[in-house]
Every structure is written in structure tokens, then in C-alpha cells.
Amino acid sequence: YGIGAASGIDLEKVRVPPFLPDTDEIRNDVADYLFEIEWFDQHLARVLNELERLGELENTLIVVTSDNGMPFPRAKATAYNYGVHMPLAIRWGTGIRKPGRVIDDFVNHVDFAPTFLEVAGVKIPKDMTGRSLTKLFRSRKSGYIDSKRRYTVTGLERHVWARPEGEVYPRRAIHTKDYVYIRNYAPDRWPMGSADFEGSHQGVFSDIDAGASKTYMMANQDDPLFGLAFGKLPPEELYEIQGDHAQMKNLAESPEYDRLKRKLLKTMENYMAKTDDPRAKGESPWKDYPFYKPGYLRGTYKEEYEALNTP
């Protein structure tokens with residue numbers, strides 16, 4: 001804690017997302033996160049320099065992205081853009097026409113595997129739901145290129161073992177340029193882990209990573225932002241990104257958005273059916289998936305959690 005400020009990041013210039021309290025503690029936490037990103041960038045530079053030294057830089061397809069959004073309350077392990085809108089930069093000197101372009105097409109992590117297979121000259125299996133990005137590589141245009149890439153669908157069932165018996169929190173979301181629509185299938189459950197169930201490595205609300213921001217908000221639960229990040233959610237959420245980039249104002253109950261909401265839901269459900277999502281058929285196999293502890297495999301966390309949560 002404090003390494004960001006100690007390394008020269010000006011806390012006064014740190015931009016705190018609107019869903020987090022703007023306090024010294026959280027400014028420091030965000031600054032520490034920015035320092036980690038700078039640390040990553042330094043290592044990335046070393047990788048690029050080494051590829052150049054070997055003479056392979058232009059012949060290497062390099063994909064730089066992230067596995068989730070920032071590890072803060074109401075970001076990581078949520079369906080909001082702060083949780084699922086990943087950074088993505090792709091470099092391939094000999095394979096991308098007109099490099100330096102910024103495109104607006106929606107892509108997903110599931111698109112990486114078919115991309116790598118096609119580039120390697122390997123046939124893409126029909127049951128892969130992702131689509132190769134090579135069409136985007138070959139284009140010379142900026143902005144939107146592929147008319148079929150105007151939205152993406154994301155989903156979450158279980159992040160960590162955060163509820164008794166490993167219960168999941170099922171949600172699906174569709175993201176477009178202008179809107180985010182989220183369907184929460186079990187609104188009676190705690191979305192970020194049960195409030196009275198202690199996980200083995202993150203405490204209560206285990207789907208929120210332990211850290212200075214979580215500690216501060218847990219100690220200040222009278223702040224309205226606490227309920228927004230930790231509390232239960234309605235069955236439907238709808239956000240207009242223009243003017244609300246952090247998705248703070250839920251429009252799902254506003255009658256004027258009913259038609260749009262139905263359209264987004266239909267598009268999302270069609271995608272779920274097309275990709276054989278079990279949730280589209282009312283099935284939930286994920287609860288029975290074993291959860292493995294990092295570092296060693298020892299089945300599930302069940303015995304450890306029972307010990308922590310037994311009076």
C-alpha cells in the first residue's frame with residue numbers, strides 16, 4: 001500500500017471512478033493499481049525489444065489484453081463495463097494492413113483461439129463460438145468494419161467460492177456502443193458473495209478482492225456507494241453509456257426504455273441459444289464444478305469454508 005505515491009504518482013491527479021468514494025485511502029489504492037500497470041508496461045517493452053533483437057518482431061502476432069477489469073468494488077467480477085471492457089492492443093507487423101488504426105468493432109476473448117488457429121493454417125472447429133479477427137487485420141478502415149460485430153455478450157456464474165455450497169450468481173449482459181443490458185437470474189442472492197459467509201482468502205463478499213478500497217467501504221457501510229457495490233441487484237439493469245460511463249443510473253424500470261430493453265434482451269437470448277448456453281435452457285451445471293485452490297489441487301474449498309463458517 002502506498003507504492004504508487006512513493007513512485008511519483010500524483011494523488012491529486014488520480015481519477016477515482018464515480019462508484020468509489022473519493023478518499024485518500026482509495027486514491028492511494030488506485031495509484032497503486034496504476035503503478036502495477038506501469039510495471040507491466042515495462043516488462044512488455046522488454047518483450048518487444050527482445051523480439052526485435054531476434055529479428056522476429058514484425059513476424060510475431062502480439063496480443064495484449066487483460067483477464068478482467070480493475071480489482072475494485074463494482075468492477076472485477078461484475079457485468080458492468082468496468083468489469084468486462086478489457087484493454088486490447090494487437091500488433092503484427094507483416095499481418096495487419098495499415099497499422100495504427102483504432103477500430104470500434106466489438107470483440108471477445110473467445111475470438112482469440114480461432115484467430116490463432118487461422119493464422120497458423122489450422123482449421124477452426126465448428127463448435128467454437130468465437131470468430132477469427134483476421135478480417136479486421138486485412139481491412140484498411142478505421143471505425144466499424146464488420147457489421148456483425150456491433151455488440152458482445154458476457155456472462156458470469158461463479159468467480160470464487162463465495163456462497164454456501166458453492167452457489168453461483170448467474171448473470172448475462174449485452175454490450176453495445178450506447179447501452180449495457182444485464183439480466184440477473186437470481187436476484188435474491190448476494191451478487192458479490194454472501195454477506196454472512198466468509199471466504200478463505202477474501203473474507204465476506206468474497207467476489208470482491210481484498211484491498212484498501214474494500215476495507216474502507218466495509219468500514220463505511222452508511223455510504224450510499226456501499227449498497228451500489230455490495231448490495232443485491234434487481235432482475236434487470238439497463239444503462240445508457242453516454243453520460244453514464246460508469247453505469248450508475250439503472251433505467252430498466254423506466255417505461256420509455258421498455259422497447260429498447262426487449263430488443264436487447266431478444267438479441268442476447270438469441271445469441272445464448274445459438275452458442276448453446278445452458279442458462280438459455282434453464283440449466284445450471286456450474287454449481288457442481290470443483291473449485292481448485294491456487295498453488296495446489298486438493299479438490300474443493302468445502303472443508304476449509306465449513307471450518308471458517310461454523311460457529
Side-chain angles (χ1 to χ4, degrees), residues 1-43 65-88 154 156 159-160 162-163 169 171 173 175 180 182 184 189-234 237 239-250 294:
Y1 180 79
I3 194 172
S7 301
I9 294 177
D10 187 350
L11 295 183
E12 293 298 320
K13 295 181 179 180
V14 170
R15 290 182 293 173
V16 177
F19 50 81
L20 296 174
D22 192 351
T23 67
D24 288 342
E25 294 89 343
I26 291 180
R27 279 184 171 267
N28 267 286
D29 205 13
V30 175
D32 293 349
Y33 178 60
L34 296 176
F35 173 82
E36 295 287 351
I37 295 172
E38 291 180 346
W39 181 253
F40 170 85
D41 288 346
Q42 292 176 39
H43 286 281
T65 186
S66 175
D67 67 332
N68 50 252
M70 59 192 299
F72 286 73
R74 210 172 186 270
K76 179 180 176 180
T78 74
Y80 308 117
N81 282 358
Y82 268 88
V84 300
H85 185 187
M86 303 297 102
L88 175 62
T154 60
L156 189 142
H159 176 216
V160 302
R163 300 165 197 83
Y169 190 82
R171 62 174 72 172
H175 309 258
V180 176
I182 304 170
N184 299 305
R189 301 174 194 164
W190 293 96
M192 305 312 300
S194 297
D196 56 355
F197 184 82
E198 184 176 346
S200 67
H201 63 312
Q202 304 289 6
V204 296
F205 299 109
S206 296
D207 275 342
I208 300 177
D209 284 11
S213 294
K214 180 178 181 179
T215 299
Y216 177 87
M217 296 183 78
M218 290 288 293
N220 295 272
Q221 297 187 24
D222 56 336
D223 190 313
L225 293 177
F226 176 84
L228 200 64
F230 292 75
K232 292 184 178 180
L233 299 171
E237 299 175 75
Y239 301 95
E240 188 170 11
I241 297 173
Q242 185 70 28
D244 186 20
H245 71 279
Q247 288 100 70
M248 302 282 285
K249 184 180 180 181
N250 185 10

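The minimum heavy-atom distance between Ser206 and Val160, with the atom names listed, is O-CG2, 3.5 Å. Between Lys214 and Ile208, the shortest heavy-atom contact is NZ-O, 3.0 Å. Annotation for Ala79 and Arg171: closest pair N-NH1, 3.2 Å, computed over non-hydrogen atoms. Gly4 and Asp32 make their closest contact through N-OD1, 2.8 Å (heavy atoms, listed as atom of the first residue, atom of the second, distance). Minimum interatomic distance between Gln247 and Arg74 (heavy atoms only, all atoms of both residues): O-NH2, 2.7 Å. Of all heavy-atom pairs between Gln202 and Ala210, the closest is OE1-N, 2.6 Å.
Two residues are said to be in side-chain contact when any heavy atoms from C-beta on lie closer than 4.5 Å; Leu225 and Met248 meet this criterion. Here the side chains of Asp207 and Arg163 are in contact, with some heavy-atom distance below 4.5 Å.
Using a 30° and 60° split on the angle between ring planes, Phe35 and Trp39 fall in the parallel class, below 30°. Note on ring orientation: taking the six-membered ring where Trp is involved, the planes of Tyr82 and His245 are tilted (angle from 30° to 60°).
Here Asn184 contributes atom CG and Arg189 contributes atom CZ; the two are 11.5 Å apart, rounded to the nearest 0.5 Å. In this structure, CD1 on Ile182 lies 7.0 Å from OG1 on Thr78, to the nearest 0.5 angstrom. Rounding to the nearest 0.5 Å gives a distance of 12.5 Å between CG of Asp29 and CG of Asp24. Atom CG of Leu228 sits about 8.5 Å away from atom CG of Leu233, to the nearest 0.5 Å. Remark: Leu34 CG to Ile9 CD1 distance equals 5.0 Å, nearest 0.5 Å. Rounding to the nearest 0.5 Å places CE of Met217 at 9.0 Å from CZ of Phe19.
If you look at Trp190 and Tyr169, their ring centroids are not closer than 6.0 Å.
Environment of NZ in Lys249: sparse, with no more than 12 heavy atoms of neighbouring residues, nucleotides or ligands closer than 6.0 Å.
Among residues two or more places apart in sequence or in another chain, the side-chain hydrogen bond (donor to acceptor under 3.5 Å, both in side chains) test is passed with Asp209 by Lys76. In terms of the ring-ring contact (aromatic ring centres under 6.0 Å, His included) criterion, residue partners of Tyr80 (sequence neighbours excluded) are, by chain and number, Tyr239.
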Stepwise, does the side-chain contact (heavy atoms from CB on, under 4.5 Å) test hold for Phe226 with Gln221? CA-CA 6 Å; Phe226 176 84; Gln221 297 187 24; 3.5 Å; yes
